[in-house]
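Since the model is a prediction, treat every value here as computed from it, not as a measurement. Sequence lines set the chain letters: A, B, ... in the order given, protein chains first and strands last, and positions in each chain run from 1.
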Amino acid sequence: MSQTLKAVRGTRDLLPPETALWNRIETTARQVFARYNFGEIRTPIFEDTSLFARSVGEETDIVSKEMYTWEDRARAQSEKPQSLTLRPENTAGVVRAYIEHKLGETGQLQKLFYIGPQFRRERPQKGRYRQFWQIGAEAIGPPSAGSESPLRDAEILEMLATFLDELGIAGWTLELNSVGSAADRARYNEILRAALVPLAPQMCVDCQRRAVTNPLRVLDCKVPEDQPIIETLPKIGDSLGQESIDHFAAVTAALEAAGVPYHLNPRLVRGLDYYTRTTFEFTHGGLGAQNALLGGGRYDGLSEAIGGPKAPGIGFAMGLDRLVLALQAAEAVRKDAAPQIADAYIAPLGEALNAAALTLARELRRADLHIELGDGAFRLKKSLEIANKLARRIVIVGEDEVQSGNLTVKNFLTGVQTKVSRAELTACLKKPAREVPA
RNA sequence: GCGGCAGUAGUUCAGUGGCAGAACGCCUGACUGUGGCUCAGGAUGUCGUGGGUUCGAUCCCCACCCGCCGCCCCA
């Protein structure tokens, strides 16, 4: 095994039949998003490193230790070397494209979705890979286009609830919070830091460190002994300015009116620096430690942070790998797990009839039938054994059939065998195998 | 990045310091143009990789690789 090449750590091959499930999820996303009038965007898989440093945040774990970054060397006098990075998420790329193509000049709210691989150098685990797939969407635009409206937040959350329901993922929970404006957050950070000064020495070593470096992270601590202390800490909700409070109240009111259940989680703080005001996660049991199916939030200052115009927005990213796991855990997908069954298996009897069999297969496939083509070198017995596994019917192409123009068709479900003229063959194969004798 | 558990046939897994195993799947035949059920037979493989201990290692020891669980973080 040492000499054979393997997929590198944290990456994997997706094979049938599982890929059918991936396709179903992507198709459902495209259908649901289309109803909300989102259009697809595809951005490059690598970007200038500084894009992520300035958006996601220099001090976040993602940027400080998880990115695949390399120095792209100059290949000509006219080129300059440049630090490039495989994208660890897609929001930064979308906003960069929004700025670069001056989409704000349209005056319209831009509603964009993407599907693609992302890269983070984390320790692999179930539901956590170094190349992983995200489906995400962003609603971004100038304030005059309504990009700051709480209705946009509620609409996106409602869309996500609809998507998960239509996909058949039962038992999701929407965790919702507001982290306030950038100013609210800075104020809260100082309040928290001050409150932690007398408390931190009683907490776990990680919290003692966080209390100094990043007080917000203390709220994420999972050590049981620390929980009572965390309960006593000031809540971010108490540090929000009136504008943020009103905005969040409008989001929750719209969700309640629409009947989208949510769970307020004042301790939900997300690990990307660009989030402001509304933040959320949809979680699912049965995913182990990686229980977040998707996450997102508002990023009202992101465009300006990377040199663009004022362009508030809100978006999310779903972990496609985790949606697959959640669906499999729900066992809602036995159908997709079954191998594909063709409408018919064509069995030429003898290699001399291979060409005739291909001709017939071409005709039937152009009539939109799913056809498995056998091989004249197989004995009929072997053809039947294979056909029984792969197809609903077998069409035998032997000397007799070619001369008479009547093909032998056998229905594996009923076991009935008949002769069918070439003219009637397509119609015959399109009939459900269960309902007719042959 | 830290702590822990595992790696044996295509798959799921037994097993032992002395010839490498089961089930399912696969192949051949009984049956020259008739499958499923049955019966008879067959092949599964560098026992993750490299080193060490030993007369002898798939087994014991070390390192590495990879996966999984927890932490961290996140989707």
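- Put simply, CD on A:Glu122 is 9 Å from C1' on B:A75, counting in whole angstrom units.
- In this structure, the nucleotide among B:C74, B:C73, B:A30 sitting nearest to the side chain of A:Asn291 is B:C74.
- Applying the 3.5 Å distance criterion, the base of B:G33 shares a donor-acceptor pair with the side chain of A:Glu401.
- Rounded to a whole angstrom, the distance from the P atom of B:C61 to that of B:G17 is 13 Å.
- Protein atom CZ of A:Phe378 is 14 Å distant from nucleotide atom C1' of B:C26, rounded to whole Å.
- With hydrogens and angles ignored, a donor-acceptor pair under 3.5 angstrom links the side chain of A:Arg128 to the base of B:C72.
- With respect to the salt-bridge test (charged N to carboxylate O, under 4.0 angstrom), the residues A:Arg393 and A:Asp343 do not qualify.
- Between B:A57 and B:C73, the two C1' atoms lie 41 Å apart (nearest whole Å).
- You'll find that the side chain of A:Pro124 is closest to B:G67, out of B:C31, B:A75, B:G67.
- Looking at A:Phe33, A:Phe316, A:Phe163, A:Tyr36 one by one, the single match for ring pair (Phe, Tyr, Trp, His ring centres under 6.0 Å) with A:Phe113 turns out to be A:Phe33.
- Here B:A75 presents its P atom at 10 Å from CZ of A:Phe280, a figure rounded to the nearest Å.
- Taking atom P on both nucleotides, B:G3 is separated from B:C74 by 22 Å, rounded to a whole Å.
- Comment: A:Glu190 engages A:Arg193 in a salt bridge, judged by a side-chain N to carboxylate O separation of less than 4.0 angstrom.
- On the C1' atoms, B:G56 is 27 Å away from B:C65, given to the nearest whole Å.
- Under the stacking criterion of a centre-to-centre distance below 5.5 angstrom and an interplanar angle below 30°, A:Phe412 is not stacked against the six-membered ring of B:G35.
- On the C1' atoms, B:U44 is 12 Å away from B:G21, given to the nearest whole Å.
- Heavy-atom distances to RNA chain B give each of A:Tyr129 and A:Ile386 a nearest nucleotide, and the one nearer the 5′ end belongs to A:Ile386.
- When the P atom is compared between B:C68 and B:U46, the two are found 23 Å apart, to the nearest whole Å.
- Evaluation of atom-type donor-acceptor distances gives a pair under 3.5 Å for the side chain of A:Lys410 against the base of B:G35.
- Listed by first then second residue, pairs satisfying ring pair (Phe, Tyr, Trp, His ring centres under 6.0 Å) with a partner in residues 37-59 of chain A read A:Phe46-A:Trp70, not counting sequence neighbours.
- Going from atom CD of A:Glu66 over to atom C1' of B:C72 covers 9 Å, rounded to whole Å.
- Here A:Arg96 pairs with A:Glu47 in a salt bridge; the nearest charged N to carboxylate O distance falls below 4.0 Å.
- Consecutive Watson-Crick or G-U pairs involving RNA chain B, each under 3.5 Å on both distances, make up stems of three or more pairs at B:1-5 with B:67-71, B:10-13 with B:21-24, B:26-30 with B:38-42, B:48-52 with B:60-64.
- Here the side chain of A:Thr359 pairs a donor or acceptor atom with the backbone of A:Ala355 at under 3.5 angstrom.
- In terms of polar N and O atoms assigned as donor or acceptor, the side chain of A:Arg12 never comes within less than 3.5 Å of the base of B:C66 in a complementary pairing.
- Of the charged side-chain nitrogens involved, at least one lies within less than 4.0 Å of a carboxylate oxygen, so that A:Glu40 and A:Arg30 count as a salt-bridged pair.
- For the C1' atoms, the distance linking B:C37 with B:A75 amounts to 49 Å, nearest Å.
- Side chain of A:Asp321 to backbone of A:Trp133: a donor-acceptor contact under 3.5 angstrom is found.
- Nucleotides B:U53 and B:G15, compared at atom P, are 29 Å apart to the nearest Å.
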